[in-house]
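Structure, as structure tokens:
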Amino acid sequence: MAFNIATEGDPSKSMAAAGPSSTRFSHPPASRPPSGLLPYDPPSSRGCTTIGQVRPTAAEHSYDASTSASRDSLQSTPRRKRQRIDADRFIPARSGRDLQSGFHLIPPPPRPTPERGRPRSPPRGYRSQRSEEADETFQELLRAEIFGDNSVPQASPRWTSEDHMRTPPRNTPSLPATPQKNLFSYVSPRHQHLIGLSTPRKTPQRGHSLIPDPRLDAYSTTPISYTSQQMLLAPRRQHRTVAKVPIKVLDAPNLAEDFYLNLMDWGSSDVLAVGLGAGVFMYNAQNGKVAKLCTLDDDKVTSVAWIQKGTHIAVGTKKGLVQIWDAQKFKRLRTMTGHSARVGSLAWNAHILSTGSRDRSILHRDVRAPDQWVKQLLGHKQEVCGLKWNCQDGQLASGSNDNTVLVWDKVMDQKPLWTLNEHIAAVKALAWSPHQRGLLASGGGTADRRIIFHDTVRGAVRNDIDTGSQVCNLMWSKNSNELVSTHGYIQNNLVIWKYPSMTRVASLTGHTYRVLYLAMSPDGTQVVTGAGDETLRFWEVFKPKQPVRLLGGSVDLPVIR
């Protein structure tokens, strides 16, 4: 069974253009249109009058035959009345209009889209990055104008101003008060004494100058305060562009929709391993070839994990077995026992393989030794669904369905080093930061929906953020201080975060089910996601690593920890 490449774009749809209407436009004889030209009528239906000619009146049509004969006999020129010529041009009054603002409000013309090969329309609920930034700006502007500077603090320190640094008086009430400034009216400084406002006679900065300070609201020509103007005129931070559509989509039939499983891993040899039903398939990202590694007899695959070298792969099964396979020779090397229930999580640290099971235990296995396992860790009360090694510090983080995160020391003690109880739902998403020592990110399930950052050196919580949906996976970028998270109910999306501000860089949608599986390419530029809709989607989310240039050469410097 192999992968089938799916197509992201929708088939082109032909549209039939409606023909022109044959209805004749007519106006009553006693009325005329306010402006514009009348549609053309043939001479048989009305008097033959063209543009630039005078339309004859009814008096010229009411003469009789005798009058006509007498006039012909006398050969006199008939007396014509002076006709009233109605102009058909409309000259708008442009006084009092802001033409420049009106020009910017004109929507751009739609781009012509070819019928064949046109891109797929964005999914429902999709919002562009510019729309989200515009909403943020409007909310901060509205908050500053309604509540003032000292009543309600700003949500995010994106703009800095001297007015926001002022210390409020001690007797200021904590509740926000209604501002005295009216946004929809303007009173000149000359007439402010009529409504009880005093006009400042001198500028606060220049005591002997008669030039008014433009920062004062009394001399402002706009209803927006000076602080809000500075906020709007401040330079925006530059957001990097992230493609909203996947670069590749593969069909993955029989991909289980189970939150507690880990069925996908991308090895250092640039080969993606996926567990589908009872088999394990390998997709080579360089040449696009698919190979079947194995098929289990009367069993199902519940987890897969590559060793750091990318030569061997571990496979966990539903019966509690762990198999070690040589991915280059397609040969099973050994089968290890020790668990009494399914093995849903695997983690490598050099030659040490840690396995987490539904029987609530964690086993450390040395693949070089003939023993089935060398150490057993007991600390969780329910199924262990998340395991991640910090190879630099020698710490292991485990997440469980009992809503706890345990951090184990490299000495392999039977007691955990730290017990983290901040989550209120199952914890499957775990990720160690490669840029900062002892920084662990964990994500909670549907009832929690938070990403919490732990300091495992001191055993404290640094910060947390509510994502609004179930957190299924977390992974740090290898090249920048960013991380990516996949979500289930109710958003089913992929979000890129900037640490430590935790601002959203991009939100990617496409899956119709929970995004339960996540893996990253060896170079750290791409990620692949898997969901219950039986598709694998490849995303270009991170930039490649930029080498440091020294004296005309390029050197890849290691990360300082």
Side-chain angles (χ1 to χ4, degrees), residues 97-108 127-189 192 195 197-200 202-206 209 211-242 463 465-468 480-482 495-507:
R97 295 188 180 183
D98 191 354
L99 298 181
Q100 185 176 3
S101 301
F103 175 76
H104 290 290
L105 291 176
I106 299 177
R127 299 198 62 185
S128 63
Q129 188 173 350
R130 292 185 178 180
S131 300
E132 295 178 359
E133 184 180 357
D135 290 346
E136 270 184 40
T137 305
F138 176 75
Q139 291 177 4
E140 295 190 11
L141 176 64
L142 193 61
R143 183 186 298 109
E145 289 296 318
I146 294 180
F147 297 105
D149 299 335
N150 300 325
S151 300
V152 178
Q154 296 293 329
S156 60
R158 291 173 52 188
W159 297 277
T160 58
S161 174
E162 298 179 358
D163 296 336
H164 290 282
M165 304 300 293
R166 293 181 297 183
T167 305
R170 296 182 180 179
N171 298 329
T172 303
S174 58
L175 296 178
T178 305
Q180 298 180 359
K181 180 181 62 174
N182 191 353
L183 299 179
F184 305 100
S185 64
Y186 172 73
V187 180
S188 63
Q192 284 188 356
I195 59 175
L197 297 178
S198 60
T199 303
K202 296 181 180 181
T203 307
Q205 296 181 355
R206 300 180 180 181
S209 177
I211 302 177
D213 191 354
R215 294 180 297 179
L216 298 177
D217 295 339
Y219 297 103
S220 178
T221 58
T222 174
I224 301 178
S225 63
Y226 178 78
T227 304
S228 301
Q229 296 178 35
Q230 294 297 107
M231 181 183 64
L232 294 176
L233 296 177
R236 303 292 186 217
R237 59 175 180 266
Q238 297 294 332
H239 297 278
R240 62 182 182 89
T241 305
V242 179
N463 59 336
I465 182 174
D466 189 355
T467 63
S480 60
N481 200 11
E482 298 175 340
V495 182
I496 305 172
W497 306 88
K498 183 69 176 180
Y499 187 83
S501 62
M502 290 307 292
T503 56
R504 291 197 180 195
V505 178
S507 178

Who are the side chain to side chain donor-acceptor pair (under 3.5 Å) partners of S480, not counting sequence neighbours?
S477, E482

One should read off an interatomic distance between T503 OG1 and I465 CD1, to the nearest 0.5 angstrom, of 8.5 Å

Is any side-chain heavy atom of L232 less than 4.5 Å from a side-chain heavy atom of L141?
yes

How far apart are the C-alpha atoms of N481 and W497, what are their side-chain angles, what is the distance that settles it, and do they pass the side chain to side chain contact (heavy atoms under 4.5 Å, CB included) test?
CA-CA 9 Å; N481 200 11; W497 306 88; over 6 Å; no

For the CG atom of N463 and the CE atom of M502, what is their distance to the nearest 0.5 Å?
7.0 Å

